[in-house]
Amino acid sequence: MDKNKQITLSFMADRSYFISEAFKSLRTNILFCGSDIRCIAVTSVLPGDGKSTVSLDIAKSFSDTGKNVLFVDADMRKSVNAVRHKISGSFPGLSEFLSGQACFTDIITETQTPFLNMVVSGMFPPDPVELLGNNRFSEFIDKCRRIYDYIIIDTPPLGAVIDAAVVAPRCDGVIVVIPEGKISSKLAVSVKDQLEKSNCRILGAVMNFAKSGNDSYKHYYSSKNP
Ligand SMILES: Nc1ncnc2c1ncn2[C@@H]1O[C@H](COP(=O)(O)OP(=O)(O)OP(=O)(O)O)[C@@H](O)[C@H]1O
Ligand SMILES: [Mg+2]
């Protein structure tokens, strides 16, 4: 790892006490899935459902407890992380590792958050599915498991491309992000079926963009815990 390179990430949980609490309870739910659940893919049906946002905050939430966490951007097609987090400079990422152009230590980058490292997606490769399906991806996950307590993997939407169905079987489980009121149940079920056919363990769904509808509750707790 190049100690001179550090990524500064921005998190949803920093925006409000209420969001921070929601991610803590999500973390608790994941912990109750079992101690063998350490490598988790995050996907959804459509673009913009909130996968990158939710997966990064899940990663942060685990690192807040002092666990060693790696956040992997496996959306090699259309990663928004470089722009969203204003990542400047050239960081070799997952695509460079999978295509043999970079070694494991080259692609691990520190973030401003203690215990949270990141692997960026890298350059857009001609065939992401082929790269994710080869042995080098399994090798990558094996190495990550030896070093990190938790590996959280952001993927593209499963309703559009099959990358997540290639990544998730190599993980211990997958979380599906569902934007409230945006996805038909038929579409959500088709993605569930696709994940199950690929032998993925679905840990659960995260309802994103949900309205809290309980401001007094939020105010009560935020005023006690500023
Ligand atoms: N709970 C939320 N509340 C408010 N804004 C959100 C929430 N979740 C996501 N967003 C915003 O919605 C937009 C899309 O989110 P994000 O990039 O995480 O989706 P995605 O599923 O990763 O999209 P893609 O499939 O294109 O990769 C972003 O601008 C993000 O900041
Ligand atoms: Mg995304």
Side-chain angles (χ1 to χ4, degrees), residues 1-3 5-44 49-75 79-82 84-87 91 93-94 107-121 141 143-155 167 171-178 201 203-210 212 214 217-226:
M1 183 163 35
D2 185 344
K3 294 277 180 194
K5 285 186 175 176
Q6 195 189 70
I7 291 174
T8 303
L9 299 168
S10 50
F11 303 102
M12 279 276 289
D14 291 340
R15 293 191 206 167
S16 87
Y17 170 81
F18 184 67
I19 295 172
S20 161
E21 287 302 293
F23 277 104
K24 277 184 200 160
S25 85
L26 179 56
R27 181 182 70 211
T28 305
N29 287 337
I30 296 170
L31 287 171
F32 274 102
C33 289
S35 58
D36 54 332
I37 306 297
R38 299 200 296 119
C39 180
I40 300 165
V42 177
T43 194
S44 79
D49 290 343
K51 298 170 289 297
S52 302
T53 309
V54 169
S55 54
L56 180 61
D57 267 75
I58 292 174
K60 180 193 183 282
S61 179
F62 277 107
S63 70
D64 283 345
T65 64
K67 297 289 182 190
N68 254 327
V69 182
L70 182 66
F71 174 67
V72 181
D73 183 353
D75 186 350
S79 172
V80 294
N81 281 311
R84 186 168 296 167
H85 304 289
K86 302 182 182 69
I87 298 172
F91 291 86
L94 187 62
I107 64 168
I108 305 290
T109 308
E110 282 191 340
T111 74
Q112 87 279 19
T113 300
F115 307 112
L116 179 59
N117 289 349
M118 178 172 178
V119 170
V120 299
S121 59
I141 298 286
K143 276 183 195 266
C144 293
R145 285 181 189 280
R146 286 198 286 274
I147 299 168
Y148 295 95
D149 298 309
Y150 288 94
I151 305 116
I152 310 296
I153 307 181
D154 180 23
T155 68
V167 170
C171 300
D172 304 318
V174 57
I175 291 174
V176 183
V177 177
I178 305 278
R201 177 173 169 192
L203 302 175
V206 172
M207 188 66 81
N208 198 23
F209 299 103
S212 92
N214 198 346
Y217 179 91
K218 185 170 60 176
H219 178 259
Y220 178 74
Y221 278 96
S222 56
S223 60
K224 285 209 143 187
N225 302 279

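These numbers were taken from a predicted model, which means no experiment stands behind them. These numbers come from the heavy atoms of this one structure, side chains and all, not from hydrogens, waters or symmetry mates.
- Gly50 and Val177 make their closest contact through C-CG1, 4.2 Å (heavy atoms, listed as atom of the first residue, atom of the second, distance).
- A distance of 12.5 Å separates SG of Cys171 from CZ of Arg201, quoted to the nearest 0.5 Å.
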Could you list the donor-acceptor pairs under 3.5 angstrom formed between side-chain atoms of residues 66-74 and any protein atom two or more places apart in sequence or on another chain?
from, atom 1, to, atom 2, distance (Å)
Asp73, OD1, Asp75, N, 3.0
Asp73, OD2, Ser79, OG, 2.3
Asp73, OD2, Asn81, ND2, 2.8

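- Distance check: Met12 CE to Arg15 CZ gives 5.0 Å after rounding to the nearest 0.5 Å.
- Donor-acceptor pairing under 3.5 Å is lacking for the side chains of Ser63 and Thr113.
- The minimum heavy-atom distance between Val167 and Ala41, with the atom names listed, is CG1-CB, 4.3 Å.
- With hydrogens and angles disregarded, no donor-acceptor distance shorter than 3.5 Å links the side chain of Ser55 to the backbone of Ile153.
- The CG atom of Leu203 sits 5.5 Å away from atom CD1 of Ile175, with the distance rounded to the nearest 0.5 Å.
- When side chains are defined from C-beta on, Phe23 counts as touching Val54, because their heavy atoms get closer than 4.5 Å.
- For Ile147, the side-chain contact (heavy atoms from CB on, under 4.5 Å) partners at least two apart in sequence or on another chain are Phe104.
- The two atoms that bring Ile152 and Phe62 nearest to each other are CD1-CD1, 4.5 Å, heavy atoms only.
- The CG atom of Asp64 lies 8.0 Å from the NZ atom of Lys24; values are rounded to the nearest 0.5 Å.
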- Query: Going through the distances and angles, do Asn29 and Leu31 end up as a side chain to side chain contact (heavy atoms under 4.5 Å, CB included)?
  - Reply: CA-CA 5 Å; Asn29 287 337; Leu31 287 171; over 6 Å; no
### Query
Taking it one step at a time, do Leu26 and Ile58 satisfy side chain to side chain contact (heavy atoms under 4.5 Å, CB included)?
CA-CA 8 Å; Leu26 179 56; Ile58 292 174; 3.6 Å; yes
**OP:** Given side chain to side chain contact (heavy atoms under 4.5 Å, CB included), test Ile108 with Met118 step by step and report yes or no.
**Re:** CA-CA 6 Å; Ile108 305 290; Met118 178 172 178; over 6 Å; no
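- Using a distance-only test at 3.5 Å, with no hydrogens or angles considered, no donor-acceptor pair links the side chain of Thr43 to the main chain of Thr155.
- Between the side chain of Asp57 and the backbone N or O of Ala13 there is at least one donor-acceptor pair closer than 3.5 Å.
- Note: Thr65 OG1 to Phe115 CZ = 9.0 Å, rounded to the nearest 0.5 Å.
- Nearest heavy-atom pair, Ile19 versus Ser16, reported as atom, atom and distance to 0.1 Å: N-OG, 3.1 Å.
- Residues Ser44 and Asp49 approach most closely at OG-OD2, 2.9 Å, considering heavy atoms.
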### Task
Determine, step by step, whether Tyr148 and Asn117 satisfy the side chain to side chain contact (heavy atoms under 4.5 Å, CB included) criterion, reporting the C-alpha distance in whole Å, the side-chain angles of both residues, the deciding distance to 0.1 Å, and the verdict.
CA-CA 9 Å; Tyr148 295 95; Asn117 289 349; 2.7 Å; yes
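- Every residue two or more places apart in sequence or in another chain that forms a side-chain contact (heavy atoms from CB on, under 4.5 Å) with Arg145 is listed here: Arg38, Cys39, Ile141, Ile151, Asp172.
- In this structure, the separation between CG on Leu9 and CG on Leu56 is 5.5 Å, given to the nearest 0.5 Å.
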